[in-house]
Amino acid sequence: APLRSFGKGRVVLLGDAAHAMTPDLGQGAGQAIEDAATLVLLLRPMADSAVDQARLGSALARYDALRRARTRALWRQSTAMGRIGQLAHPLGAGLRDAVLLAVPSRLVGNSTAALNRWPSP
């Protein structure tokens, strides 16, 4: 199940430690990279100054909110795709296969592109 928070105090989790998900969307490594990039962008303004605990806490809370929202949505999609992909009953598997064959490739491409859009902070 998704975590309630990716951080506590000055410590935050990223990658699989924060949001392990099934491999059904192929997003694990990409989400870890997005986590790191988000942290860099949020912490960069503090790089040349003394650590201001309030600013740091605010930046880490923003990271937590941004990344939990995105990864939770991807976690749900990945879990659903895994369940659909692993249907074993012949009727369910046949229906799944027929529906997947009927989906226009343009729709599949648009869905994949949407997965890869990173909402930078």
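Because the structure is a prediction, the values reported are computed rather than measured.
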Got Leu25 and Leu115 here, is their nearest side-chain heavy-atom distance under 4.5 Å?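 Yes, their side chains come closer than 4.5 Å.
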
Got Gln27 and Asn116 here, is their nearest side-chain heavy-atom distance under 4.5 Å?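 Contact flag for Gln27/Asn116 side chains = yes.
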
Straight-line distance of Asp16 CG to Asp35 CG, nearest 0.5 Å: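 Asp16 CG to Asp35 CG: 9.5 Å, rounded to 0.5 Å.
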
Roughly how far, to the nearest 0.5 Å, is OG1 of Thr38 from CD of Gln31?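 One gets 9.0 Å once the value is rounded to the nearest 0.5 Å.
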
Applying side-chain hydrogen bond (donor to acceptor under 3.5 Å, both in side chains), which residue pairs with at least one partner in residues 70-84 are found, sequence neighbours left out?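 Every pair satisfying side-chain hydrogen bond (donor to acceptor under 3.5 Å, both in side chains) with a residue in residues 70-84: Thr22-Ser78, Glu34-Arg70.
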
Answer yes or no: is there a donor N or O on one side and an acceptor on the other, between the side chain of Arg96 and the main chain of Gly85, under 3.5 Å?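 It does hold such a pair.
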
Val12 with Leu3, same ILVMFWY side-chain cluster at under 4.5 Å: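 Same cluster: Val12 reaches Leu3 through Ile, Leu, Val, Met, Phe, Trp or Tyr contacts under 4.5 Å.
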
In the single-linkage hydrophobic clustering (I, L, V, M, F, W, Y; side-chain heavy atoms under 4.5 Å), do Leu74 and Ile84 co-cluster?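 No; tracing contacts between hydrophobic side chains, which count when under 4.5 Å, never links both residues.
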
What side-chain donor-acceptor pairs closer than 3.5 Å can you find for residues 39-53, not counting sequence neighbours?
{"from": "Ser49", "atom 1": "OG", "to": "Met46", "atom 2": "O", "distance (Å)": "3.3"}
{"from": "Asp52", "atom 1": "OD1", "to": "Ala54", "atom 2": "N", "distance (Å)": "3.0"}

Heavy-atom pair with the smallest gap, counting every atom of Leu66 and Pro121: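 Closest pair (atom of Leu66, atom of Pro121, distance): CD1-CB, 3.5 Å.
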
Ala32 versus Gly15, closest heavy-atom pair with distance: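 Ala32 and Gly15 have their closest heavy atoms at CB-CA, 3.7 Å.
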
Tell me, which pairs form a ring pair (Phe, Tyr, Trp, His ring centres under 6.0 Å) where one or both residues lie in residues 80-121, sequence neighbours left out?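 Checked against ring pair (Phe, Tyr, Trp, His ring centres under 6.0 Å) - neighbours excluded - no pair reaches residues 80-121.
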
Ring pair (Phe, Tyr, Trp, His ring centres under 6.0 Å) pairs, two or more places apart, involving residues 14-68: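 Sorted pair list: Phe6-His19.
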
Linking directly or through intermediates, with side-chain heavy atoms under 4.5 Å: list the remaining ILVMFWY members grouped with Leu87, chain and number order.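 Members other than Leu87 - counting any ILVMFWY side chain reachable under 4.5 Å - there are none.
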
With sequence neighbours excluded, residues passing side-chain hydrogen bond (donor to acceptor under 3.5 Å, both in side chains) with Asn110: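 So Asn110 forms no side-chain hydrogen bond (donor to acceptor under 3.5 Å, both in side chains) with any residue.
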
